[in-house]
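Input: a single structure, listed below in structure tokens.
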Amino acid sequence: WEKMASGELAGHVGASLGRAVVGFFIAAAIGIALGLVMSQSRLLRELLSGPVELLRPISSIAWIPLAILWFGIGFKSVVFVIVISCIFIIVLNTLAAAGNVDRDLIKSALTLGANRRQLFTKVVLPSAVPGIMLGLRIAMTGAWGGVLIAEMIATSQGLGYMIVRAQASYQPEVVIGGMVVVGIVGYLLNMLFVLAQRRITHE
């Protein structure tokens with residue numbers, strides 16, 4: 001309550017949300033584009049599948065020291081960790097969604113004279129949207145978790161920083177309060193995404 005009244009809690013929440021949103025949208029832009037291109041090019045899919053599967057199991061925590069070496073302590077290093085936390089989820093879900101389009105729809109479009117561009121924009125992409133949205137929803141959870149992990153080490157503001165500082169000064173009530181706030185914000189983010197998903201997919 002003291003941190004809420006002083007505005008300190010709002011500052012930490014705002015900092016964490018800002019980093020999570022920036023990292024999420026960077027990962028979404030790169031991940032969706034890469035997943036769609038891979039779904040349409042067998043050569044590119046074979047070239048990139050190995051590196052993606054090699055890097056995907058590496059925990060976002062393991063990237064933090066490298067992020068600090070490259071970008072220093074602060075915003076850029078946290079955003080980098082968030083992008084790493086999200087991008088592989090988005091790539092793989094986009095690839096699966098675009099690669100599993102109903103073959104009958106594709107055959108029908110080709111029979112009606114659709115060219116490659118029309119096939120992609122009118123059949124593949126619309127059919128892949130629900131799968132892409134599911135991947136983004138899962139990645140949003142990764143972004144929120146990733147920002148908290150990175151803030152515990154690589155920054156001096158945010159919910160993760162607040163929690164680890166409270167632990168160091170033996171303030172369990174602040175640690176637990178921070179955890180509750182993390183859960184509430186994560187729940188609200190998920191609900192907002194569900195509403196956006198329903199609106200986009202017309203469910």
Side-chain angles (χ1 to χ4, degrees), residues 3 7-35 38 47-95 132 134-190 192-193:
K3 291 185 180 298
E8 181 183 350
L9 181 61
H12 288 307
V13 172
S16 295
L17 273 175
R19 295 168 182 141
V21 169
V22 171
F24 173 77
F25 277 107
I26 292 174
I30 298 172
I32 292 174
L34 191 57
M38 287 174 66
L47 287 173
L48 295 180
S49 291
V52 168
E53 291 300 331
L54 178 67
L55 296 173
R56 183 172 63 89
I58 301 176
S59 170
S60 56
I61 299 174
W63 290 93
I64 294 176
L66 192 60
I68 295 173
L69 286 174
W70 283 348
F71 305 110
I73 299 290
F75 182 84
K76 291 181 180 179
S77 58
V78 176
V79 169
F80 173 79
V81 174
I82 296 167
V83 172
I84 292 296
S85 300
C86 299
I87 193 165
F88 299 114
I89 299 171
I90 297 172
V91 169
L92 293 176
N93 275 271
T94 301
L95 177 58
I132 293 173
L134 177 61
L136 290 175
R137 182 180 173 186
I138 297 170
M140 175 60 78
T141 303
W144 187 234
V147 71
L148 296 170
I149 292 169
E151 284 175 347
M152 291 181 177
I153 303 172
T155 189
S156 58
Q157 190 181 23
L159 285 172
Y161 170 76
M162 184 189 79
I163 290 172
V164 79
R165 187 180 64 176
Q167 175 266 325
S169 57
Y170 198 71
Q171 295 178 292
E173 71 282 1
V174 177
V175 174
I176 295 171
M179 292 168 63
V180 172
V181 172
V182 168
I184 291 172
V185 174
Y187 175 81
L188 293 175
L189 286 173
N190 183 67
L192 287 172
F193 203 91

Study note, to complete from the structure: Note: Met152 and Ile163 closest approach over all heavy atoms is CE-CG2, 4.4 Å
Point to revise | Exercise: identify the closest heavy-atom pair between Ile90 and Gly135 | key: CG1-O, 4.4 Å
Exercise for review: Step by step, work out the side chain to side chain contact (heavy atoms under 4.5 Å, CB included) result for His12 and Val181.
Suggested key: CA-CA 11 Å; His12 288 307; Val181 172; over 6 Å; no
Check your understanding: Could you walk me through whether Val91 and Leu48 pass the side chain to side chain contact (heavy atoms under 4.5 Å, CB included) check?
Key -> CA-CA 11 Å; Val91 169; Leu48 295 180; over 6 Å; no
**Study point:** Ser85 versus Gly142, closest heavy-atom pair with distance
**Key:** CB-O, 3.6 Å
Check your understanding: Should Phe75 and Val22 count as side-chain neighbours, where that means a heavy-atom distance under 4.5 Å?
Key -> yes
Check your understanding: Hey, does Arg165 have a side-chain heavy atom less than 4.5 Å from the side chain of Val174?
Key -> no
Exercise for review: Flag the pair Val175 / Gln171 as yes when at least one side-chain heavy-atom distance between them is below 4.5 Å, and no otherwise.
Suggested key: no
Study note, to complete from the structure: Val79 and Arg19 have their tightest heavy-atom pair at CG2-O, 4.1 Å
Review point. Could you give the distance from CG (Leu134) to CD1 (Ile89), rounded to the nearest 0.5 Å?
Key: 10.5 Å
Exercise for review: Determine whether Trp144 and Leu159 make a side-chain contact, defined as any pair of heavy atoms from C-beta on separated by less than 4.5 Å.
Suggested key: yes
Practice item. State the CD1-CZ distance between Ile26 and Phe80, to the nearest 0.5 angstrom. Key: 11.0 Å
**Study point:** Stepwise side chain to side chain contact (heavy atoms under 4.5 Å, CB included) check, Ile84 with Ile58
**Key:** CA-CA 9 Å; Ile84 292 296; Ile58 301 176; over 6 Å; no
**Study point:** Rounded distance (nearest 0.5 Å) linking atom CG of Leu189 with atom CZ of Arg137
**Key:** 12.0 Å
Review point. Does some side-chain heavy atom of Val81 sit less than 4.5 Å from a side-chain heavy atom of Val147?
Key: no
Review point. Atom CZ in Phe25, atom CG in Leu136: separation rounded to 0.5 Å?
Key: 9.0 Å
**Study point:** Spacing of OG1 belonging to Thr141 relative to CZ belonging to Phe24, to within rounding of 0.5 Å
**Key:** 9.5 Å
Exercise for review: Hey, could you give me the OG/OH distance between Ser16 and Tyr161, rounded to the nearest 0.5 Å?
Suggested key: 12.5 Å
Check your understanding: Does Leu95 reach the side chain of Val52, with side-chain heavy atoms less than 4.5 Å apart?
Key -> no
Point to revise | For Glu151 against Gly160, the heavy-atom pair lying closest together | key: OE1-N, 3.0 Å
Practice item. Please test Met38 against Thr94 for side chain to side chain contact (heavy atoms under 4.5 Å, CB included), starting from the C-alpha separation and ending with a verdict. Key: CA-CA 9 Å; Met38 287 174 66; Thr94 301; over 6 Å; no
Study note, to complete from the structure: Here the pair of heavy atoms bringing Ala139 nearest to Cys86 is O-SG, 3.2 Å
